[in-house]
Number of protein chains: 2
Amino acid sequence: MTVPPNILIADDHPLFRIALKQATKLAFNSATVDEAGAIDDMLRLMAQGPAYDLLLLDLHMPGARGFSGLIYMRGQYPEIPVVVVSGNDQDKTIAKAMNHGASGFIPKSTDLPDMAQAIKTIINGAFWVPPDFSAGHENIQDEEMSIAETVAALTPQQFRVFTLLSEGMLNKQIAYEMGVAEGTVKAHVTAILKKFGAYNRGQLIIAAQRLEADEMPE
Amino acid sequence: MTVPPNILIADDHPLFRIALKQATKLAFNSATVDEAGAIDDMLRLMAQGPAYDLLLLDLHMPGARGFSGLIYMRGQYPEIPVVVVSGNDQDKTIAKAMNHGASGFIPKSTDLPDMAQAIKTIINGAFWVPPDFSAGHENIQDEEMSIAETVAALTPQQFRVFTLLSEGMLNKQIAYEMGVAEGTVKAHVTAILKKFGAYNRGQLIIAAQRLEADEMPE
DNA sequence: CTGTGCATATTGCTTAAGAAATAGGGGGTA
DNA sequence: TACCCCCTATTTCTTAAGCAATATGCACAG
């Protein structure tokens with residue numbers, strides 16, 4: 001790891017980004033911290049920014065709800081540890097995140113000193129989960145794991161198309177969001193279909209839904 | 001209720017239909033029992049068969065996994081009590097089934113005498129859940145409830161199209177399954193889109209996925 | 001330096017999806 | 001009986017989805 005560490009915070013809630021940044025500074029007061037409020041910003045920073053030593057990732061990011069963002073980042077940057085940050089602190093959600101390659105899980109209800117400790121622990125190469133977490137026998141189903149492997153193997157543009165498509169958007173809308181021609185999106189969709197072994201976009205949407213995290217009890 | 005009662009068992013597993021039938025006979029030895037191994041059979045029997053006093057419904061029926069079958073039946077035949085039968089006996093699943101209008105929930109691990117007692121209880125107008133069930137504060141999200149209300153308001157053909165469409169099938173395939181022209185399916189899809197306030201079938205699939213029951217831990 | 005492979009982007013073509021208008025068939029009600 | 005409403009089914013027409021072929025740029029091995 002670089003000293004001081006470079007850390008990327010990806011959360012759509014500005015106030016919570018501030019809190020996470022404070023926790024980070026508490027852990028490493030010389031840390032360099034970048035922030036992303038959406039998946040696209042995160043992807044851009046990962047590609048163009050410094051080599052990050054840690055990614056703090058919210059599960060409810062605009063552009064990739066659920067575990068797809070985590071899975072994709074683990075596929076693209078397997079050497080960068082990812083800490084999942086979420087308001088949903090059910091054991092099942094934590095277990096799933098860890099099984100999908102997270103190095104830690106920080107519930108949003110965690111207080112600042114514990115967050116700092118968690119960040120320290122993980123950046124040093126260990127895992128961290130909430131002290132009251134008790135893992136059951138919650139292994140990920142074969143089918144979900146197969147989907148995850150395919151998501152991890154998508155190219156950056158394919159992943160963006162996949163997430164937008166999964167929200168029910170038309171190719172034309174996706175093209176506008178990405179700033180490319182509709183035909184380009186279609187070509188990406190065709191490539192994605194092949195990777196998933198699917199015959200139409202509906203089946204892609206069904207697959208994507210299986211990577212969603214459960215609803216947060218409000 | 002008619003005496004002897006008419007009971008319909010809908011489960012895709014033949015062996016389990018036998019067990020349910022035995023439980024039914026144990027509860028009412030003169031009961032008339034019909035069986036359906038798929039949603040289509042169930043719908044046909046409901047439409048053409050006798051007036052049933054009770055429906056025993058599995059959550060994993062071919063043609064309607066999850067709660068959509070329960071929701072639709074409650075919308076179409078609100079006077080007929082439905083008992084959900086499932087291998088998934090998590091409290092969350094039971095709570096959801098009850099909130100979606102079930103009169104009872106029988107885990108597949110229940111023994112025969114208890115099943116018979118459950119059936120007796122429910123056919124007499126009361127509820128029945130497993131003795132070890134403890135309801136949390138698992139209310140159904142507004143969005144899911146809104147989807148459920150729309151599903152309950154679908155016509156029979158629309159419901160069949162909806163379930164097949166939700167599995168990622170093409171209009172042509174749905175038409176073949178239902179024995180109608182592709183154009184007819186398209187007209188149904190258009191009507192369904194309007195009811196849901198959706199703009200394309202992808203959004204229908206997303207909505208349908210929200211009514212799926214959690215995977216069964218195997 | 002050069003060829004190879006992959007990601008990205010585009011166009012042209014075929015098939016699927018969706019909207020609109022229309023018609024037949026019960027099931028109610030005056 | 002006559003009327004109306006809703007479900008179902010169909011055809012026609014426009015738009016969207018998906019496939020095939022192709023070109024550019026970029027990284028990497030020789």
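Quick caveat: nothing in here was measured; it's all calculated off a predicted structure. Convention: sequence-line order gives letters A, B, ...; per-chain numbering from 1.
- One interatomic measurement links the two molecules: NZ of B:K195 to P of D:dC6, which rounds to 11 Å at whole-angstrom precision.
- Distances were taken from every side-chain heavy atom of B:P156 (C-beta onward) to each of C:dA7, C:dA17, D:dT8; the shortest belongs to D:dT8.
- Rounding to whole angstrom units, NZ of residue B:K186 and C1' of D:dA16 are separated by 11 Å.
- Distances from the side chain of A:V180 to the nucleotides C:dG18, C:dA9, D:dT8 place C:dA9 closest.
- Mapping B:G179 and A:L170 onto DNA chain D by nearest heavy atom places B:G179 closer to the 5' end of the strand.
- Side chain of A:H188, nearest nucleotide from C:dA17, C:dT8, D:dG18: C:dT8.
- Separating the CE atom of A:M169 from the C1' atom of C:dA17 is a distance of 18 Å, rounded to the nearest angstrom.
- Just one of B:I39, B:D41, B:D58 meets the side-chain contact (heavy atoms from CB on, under 4.5 Å) condition when paired with B:D12; it is B:D58.
- Checked by atom type and distance alone, the side chain of B:N99 pairs as donor or acceptor with a backbone atom of B:A95 at under 3.5 Å.
- Ion pair B:E144/B:K96 flagged as a salt bridge, since at least one NZ, NE, NH1 or NH2 atom sits closer than 4.0 Å to an Asp/Glu carboxylate oxygen.
- Put simply, CD on A:Q158 is 13 Å from C1' on C:dA9, counting in whole angstrom units.
- In the set C:dT8, D:dG18, C:dA19, C:dA19 carries the atom at the smallest distance from any side-chain atom of B:T190.
- A sub-4.0 Å separation between OP1 or OP2 of C:dT15 and a side-chain N or O of B:K172 is absent.
- Using a 4.0 Å cut-off between charged side-chain N and carboxylate O, B:D34 and B:R44 make no salt bridge.
- When the nucleotides D:dT8, D:dT10, D:dG18 are ranked by their closest atom to the side chain of A:V189, D:dG18 comes out on top.
- Here B:A187 lies in heavy-atom contact (under 4.0 Å) with a base.
- The phosphate of C:dT8 has OP1 or OP2 within less than 4.0 Å of a side-chain N or O from A:T155.
- Per the geometry, CD belonging to A:Q203 stands 13 Å off C1' belonging to D:dG18, to the nearest Å.
- Applying the 4.0 Å criterion to OP1 and OP2 of D:dA16, one finds that A:N171 has every side-chain N and O outside that range.
- Following rounding to the nearest Å, A:L204 (CG) and D:dA17 (P) show an atom-to-atom distance of 13 Å.
- Rounded to an integer number of Å, the gap from A:Q173 CD to D:dA16 P is 10 Å.
- One finds a side-chain N or O of B:Q157 lying less than 4.0 angstrom from the OP1 or OP2 phosphate oxygen of D:dA9.
- In this pair, A:F67 and A:H100 present their aromatic rings tilted. The plane angle is within the 30 to 60° band.
- For A:L154 and C:dT8, the CG to C1' distance is 15 Å, given to the nearest whole Å.
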